[in-house]
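All remarks here apply to the structure that follows.
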Amino acid sequence: MPNILSVRNLNYYYQDGDTRRFILRDVSYDFERGRFYVILGESGSGKTTFLSMIAALDTPKSGEILFEGVDIRRIGYENYRRNKAGMVFQSYNLIPYMTAVENVLVAMSITQNKLPADKKETAYNLLQYVGIDKAKANRTVNKLSGGEQQRVAIARAVATDVDLILADEPTGNLDEETEAGIVEIFKSLAHDYNKCVIVVTHSSEIAAQADEVIRLKKGVFLNDGQFSG
Amino acid sequence: MNVFKRGLISIVRRPGKSAILFILILVLSNIIAGAISVKNALVNTENAILEKMGVEVTIEYNWLDITDATPSITPEMVETIGQSEYVKEYDYSTTYYMEARGVKNYYSDYYYDGNGSFTITGGRNTTLQDVRSGDITIKEGRTYTREEIESGAPVLLISDKVAQLNDLSVGSSVTFLYTLYDYSDIVYRKYAAEGDFDIPVLPIEPWEPKVIKTFEFEFKIIGIFSAKPMRYTDWNGNIVETDSPLLNTFYTVNKAINACINEIRKEAQAAGVPDNIYINTAAVFILKHPDYVELFESQNKQHLPKGLVFKNNAKSFESIRTPMANVEWIAEIVMWVAVGATVLIISLLVTLFLRDRRHEMGIYLALGARKGAIVTQILTEVLVVALIAVTLSVFTGNLLASNMSATMLENQLTEEQKNETDGGRDVIPFSDIGISSSKSIGILPVPIEEEDTGRITTEDVMEMYKVRLDLKTVLFIYLIGMGSVLISTLVPIIYTLRLKPRQILM
Ligand SMILES: Nc1ncnc2c1ncn2[C@@H]1O[C@H](COP(=O)(O)OP(=O)(O)OP(=O)(O)O)[C@@H](O)[C@H]1O
Ligand SMILES: [Mg+2]
């Protein structure tokens with residue numbers, strides 16, 4: 001069985017007059033199910049750029065991204081986003097005037113993946129799983145704390161029953177205690193639900209929890225190997 | 001949760017923004033609706049007036065160009081010209097002069113006993129030209145019917161004054177008399193003048209010409225009319241009112257007069273004497289539109305013998321059309337400015353409105369929503385609000401427009417009429433133009449200034465001017481209102497959706 005996600009010779013650059021300023025240079029990597037990956041790197045090293053490529057929110061200049069061996073361009077970016085990958089943003093990106101459960105339901109109504117018949121029940125259960133009780137689930141999200149909002153965002157990312165969870169500095173705006181809670185969810189998703197979780201961060205605390213840490217430096221991946229738990 | 005439900009949630013959960021959008025669209029589409037309503041009302045009114053009045057073309061003698069060979073206007077000539085595609089309807093009237101047995105003429109200052117002579121004016125339409133122009137009004141009885149026109153029934157309408165003087169009423173009969181003489185036996189005494197030629201002066205034996213036949217034509221009175229007095233300015237500059245010369249006119253159908261004349265002519269021909277009958281035919285053509293005047297006249301010039309010309313009253317429409325055109329022009333400008341402003345303001349507003357939706361659209365894109373679905377959702381939100389606002393504005397705009405524009409139009413009309421009087425513009429009153437050749441036969445002074453009976457007054461226009469909601473107006477308001485909202489919503493949405501989600505979200 002092919003890896004859930006393989007990146008081959010990925011390049012990304014900004015054209016600066018005549019010169020190309022490379023952000024990612026020939027990046028290749030394989031990601032597997034059931035593992036929790038952390039990509040570490042300094043600010044401006046290209047972590048978000050990389051993540052937005054594999055989330056199909058942006059397109060690489062060259063190279064390919066394979067999902068279960070199929071180029072995501074063949075899957076179609078829209079289809080890929082809808083059915084294959086769930087994204088968690090640093091700034092949550094929830095729809096502010098909707099309730100937590102409505103936010104989750106929006107994603108569930110967009111995906112074409114087969115979901116349990118009772119979507120609402122599933123959404124509440126998922127929110128329960130990430131630590132949002134029913135009372136909070138029925139609140140419009142702008143009345144939730146940052147940590148709570150990020151939990152809702154994680155619930156939304158997994159609600160579509162995708163196997164690939166991507167997160168860009170998901171705890172960047174949160175305190176340490178909250179961060180620990182969120183990291184636990186990611187770990188659980190990888191280990192209990194066999195999902196491939198890729199988290200971009202510059203927090204070494206999170207990195208310490210990862211199954212695999214990748215360092216991004218000067219546009220290339222440096223594999224630190226496995227943190228032996 | 002489908003796109004429509006999402007759209008609805010968005011409207012309801014953000015009441016402030018929805019209200020601002022609603023009020024703005026309402027205000028702007030009110031202006032559009034008002035301007036469109038006014039414009040349509042003006043066009044409708046103008047058409048109604050043109051429909052009602054029609055532009056009239058008559059055939060007249062050109063006194064400068066007249067020769068012995070100039071024939072009189074014949075019914076055939078009128079029928080031919082009447083076939084023109086520019087003619088809505090036409091009418092002609094044969095006028096003759098006959099004695100009526102035992103009926104006295106009416107004169108305001110004197111009358112005499114014996115048989116009076118009367119002008120008999122024929123018609124071809126159930127509406128008498130002189131009724132149309134307001135010179136006479138049917139008081140009792142009726143006008144003639146289509147059947148009577150077709151058959152040439154000997155029916156008669158007489159004036160109330162003549163009826164009263166002669167004890168006549170609807171249902172009475174009037175007998176016209178005509179005596180055909182043979183003058184050939186009359187020998188004139190010839191005075192030998194100092195020159196070489198003789199001048200016949202007085203008849204010698206027999207003194208009277210020989211009577212060939214005395215014709216009697218019996219007509220039945222079906223209606224009594226009253227005639228509007230004439231006003232003119234006398235030598236001292238005083239306005240004097242006198243009886244209408246039409247008081248001694250009898251109205252009948254053309255064919256009835258022609259039947260009498262044909263009978264006389266036949267007899268004269270048989271007897272081999274000249275008939276000496278000169279009938280007068282006046283014709284009027286009502287055109288479908290005032291703009292057709294020149295086309296009509298050049299098309300039909302060929303049918304007019306030398307000495308006859310067309311005359312029209314197109315000019316008299318100017319006093320109505322100018323102020324209407326002014327208001328129409330203002331309404332048109334207001335409309336397009338409003339449309340332009342609406343598109344602009346709504347675009348700006350919707351762009352602003354969509355700025356905080358931009359992020360949301362990015363989220364939908366990141367979640368893999370189809371662009372079509374996102375467009376549908378946002379359009380649903382804006383268009384639902386716009387639809388309610390535009391629907392409301394159809395009524396409120398109409399209400400505003402009818403009050404404001406009516407005042408505007410009335411002012412314009414009053415202004416224009418004042419200018420006219422001041423500037424002494426040459427406006428032909430309608431009453432001068434219809435078939436009223438009989439008037440010139442009267443012995444009364446030619447009127448200098450007549451009251452403008454047939455002219456359209458400000459009141460007439462205002463009565464016809466109604467800002468109404470017809471289907472066309474409503475559809476146009478929706479088209480413009482919703483169209484501008486639609487376009488101004490689509491543009492910023494498409495602009496946003498063109499972006500990659502990363503550009504929006506990260
Ligand atoms: N539109 C752009 N034009 C030019 N350069 C850009 C543009 N967007 C980003 N960059 C540059 O690309 C590089 C990588 O940016 P990226 O957002 O991937 O960094 P990052 O590793 O996520 O940093 P951070 O930890 O601060 O989020 C940065 O040096 C940034 O300045
Ligand atoms: Mg970043």
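In what follows, every chain begins at residue 1, and chains take the letters A, B, ... in the order their sequences are listed.
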| field | B:Ile9, part contacting chain A, at a heavy-atom distance under 4.5 Å | value |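 Looking at B:Ile9, backbone and side chain both touch chain A.
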
Side chain proximity check, [X] to [Y], heavy atoms < 4.5 angstrom:
| X | Y | result |
| --- | --- | --- |
| B:Tyr364 | A:Ile95 | yes |
| B:Lys500 | A:Leu57 | no |
| A:Arg156 | B:Leu367 | yes |

| B:Arg502 vs A:Thr49, side-chain contact (heavy atoms from CB on, under 4.5 Å): CA-CA, chis, key distance, verdict | CA-CA 9 Å; B:Arg502 183 190 177 193; A:Thr49 307; 2.9 Å; yes

| Which of the residues B:Gln503, B:Lys5, B:Glu360 is involved in the greatest number of heavy-atom pairs with chain A at under 4.5 angstrom? |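 Top count of heavy-atom pairs under 4.5 Å with chain A: B:Glu360.
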
| said: Which one wins on heavy-atom pair count under 4.5 Å against chain A: B:Gly362, B:Ser10, B:Ala373? | reply: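 Heavy-atom pair counts peak at B:Ser10.
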
| query | Within residues 96-114 of chain A, which positions have a heavy-atom distance to chain B below 4.5 Å? | reply |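 Counting heavy atoms that sit under 4.5 Å from chain B, the residues of residues 96-114 of chain A involved are A:Tyr97, A:Met98, A:Thr99, A:Glu102, A:Leu105, A:Val106, A:Ala107, A:Ser109, A:Ile110, A:Gln112.
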
| field | chain B-proximal positions within residues 77-85 of chain A [heavy-atom distance under 4.5 Å] | value |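 Against chain B, the residues of residues 77-85 of chain A that fall inside the cut-off (heavy atoms, under 4.5 Å) are A:Glu78, A:Arg81, A:Arg82.
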
| field | Per-residue contact mode, A:Leu51 against chain B (heavy atom under 4.5 angstrom) | value |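 Looking at A:Leu51, nothing touches chain B.
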
| request: Working to the nearest 0.5 Å, report the span between CG of B:Leu505 and OG of A:Ser52. | output: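 It is 10.5 Å, given to the nearest 0.5 Å.
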
